[in-house]
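Following: one structure in structure tokens, then a few remarks.
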Amino acid sequence: MDENLNSPSQKKQNPEMLTTSPQKKKLNKRFVSEIIGVVLIVLLAVSSIGSVSQEDYNELQTKYDDLADDYSNLQNRLKDTEFKLETTSTSLDSVTAEYTAFQEKMRPFADLSDEEINTIVTEMEEKAAEEEAARLQAEQAAAQQEAQAAIEAQAAAQPQQPQGEMVWIPQTGSKYHSNSSCSGMKNPTQVTISEAQNRGYEACKKCY
């Protein structure tokens, strides 16, 4: 475990290797410039002598244009390579900083044995489980409180009949009445309204 924490990264690039590509590009740029210079000298010499045919002149001009295009392409590729190199260098610095920060965080565990590390991990897992259980319990308690509050609010919104009020219930039917002769009842029974409600009777719309 100590070797994994303290050993430097094996993938870190050598700064000399990072600069090899731009140097090659600069050499190619110089080489192309020298070729273009030679071609220009040849063209000037030919134009001054006047002994080269138009066909040869056109051929040289075409080669010069091709070299100019190659030179422009090399310049663009050099710019792209320099940009990629700069981006890679920035990413490498960021990764190196993260790795160093990770090493600092893991430094207290460097001298611990595997058994001690397993004990710490177990304690952390148990603590996380306790926190999760407490969170779930709190959510359940809050849900129960909300449900109870909704029930109480609904009960408060419903009109309450006096519990001691006396009503009449028929021998057959499902309504209780405040008048014993309502709906042509015969031999109705007088009970409290709470008892009638408990027995499943509902208020008569004619009486209430």
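Just so you know, these numbers use all the heavy atoms, side chains as well, and skip hydrogens, waters and symmetry mates.
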Please report the closest heavy-atom contact between E116 and D111, naming both atoms and the distance. OE1-O, 4.5 Å
Separation between CG (N118) and CD (E125), nearest 0.5 Å, reads 9.5 Å
Could you grab the distance from atom OG1 of T87 to atom CD of E82, nearest 0.5 Å is fine? 11.5 Å
Counting only heavy atoms from other residues, nucleotides and ligands, does the tally under 6.0 Å from CD of E55 exceed 12? no
Do the side chains of P170 and P188 get nearer than 4.5 Å, heavy atoms only? no
Could you pull out the closest heavy-atom pair between I169 and A196, with the gap in Å? CG2-CB, 4.0 Å
Roughly how far, to the nearest 0.5 Å, is the OG1 atom of T96 from the CG atom of L92? 4.5 Å
With rounding to the nearest 0.5 angstrom, report the CG to OG1 distance, D114 to T119. 10.5 Å
Report yes if some heavy atom in the side chain of R199 is under 4.5 Å from a heavy atom in the side chain of V191; otherwise report no. yes
What's the spacing between E131 CD and L136 CG if we round to 0.5 Å? 12.0 Å
Does any non-hydrogen side-chain atom of K206 lie less than 4.5 Å from one of N179? no
Using a 4.5 Å side-chain heavy-atom cut-off and chaining through intermediate ILVMFWY residues, the residues clustered with V95 come out as none
Side-chain heavy atoms of H177 within contact of S183, under 4.5 Å: yes
Quick test of your reading of the model: are K63 and E59 salt-bridged, counting only N-O distances below 4.0 Å? yes
Answer yes or no: does atom CG of N76 have more than 12 heavy-atom neighbours from other residues, nucleotides or ligands under 6.0 Å? yes
Calculate, to the nearest 0.5 Å, the distance between atoms NZ and OG1 belonging to K186 and T172 respectively. 10.5 Å
pair I193-Y176: side-chain heavy atoms closer than 4.5 Å: yes
So E195 and V167, do their side chains get closer than 4.5 Å, heavy atoms only? no
Quick check: are there more than 12 heavy atoms from other residues, nucleotides or ligands sitting under 6.0 Å from CD of E202? no
Would you kindly confirm whether M166 and M185 end up in one hydrophobic cluster when ILVMFWY residues are joined by side chain heavy atoms under 4.5 Å apart? no
Is a side-chain donor or acceptor of T90 paired with a backbone partner of E86 at a separation under 3.5 angstrom? yes
Does CD in E139 sit with more than 12 non-hydrogen atoms of other residues, nucleotides or ligands closer than 6.0 Å? yes
Flag, side chain of T81 to backbone of R77, donor-acceptor distance under 3.5 Å: yes
For Q197 and Y201, does a side-chain donor sit closer than 3.5 Å to a side-chain acceptor? no
Salt bridge flag under 4.0 Å for residues E130 and K127: no
Verify the cluster assignment for L74 and F83: are they in a single hydrophobic cluster under the rule of side-chain heavy atoms below 4.5 Å apart? no
With a sphere of 6.0 Å drawn around CD of E132, does it hold more than 12 non-hydrogen atoms of other residues, nucleotides or ligands? yes
Is it the case that E152 and Q148 place a side-chain donor and acceptor less than 3.5 Å from each other? yes
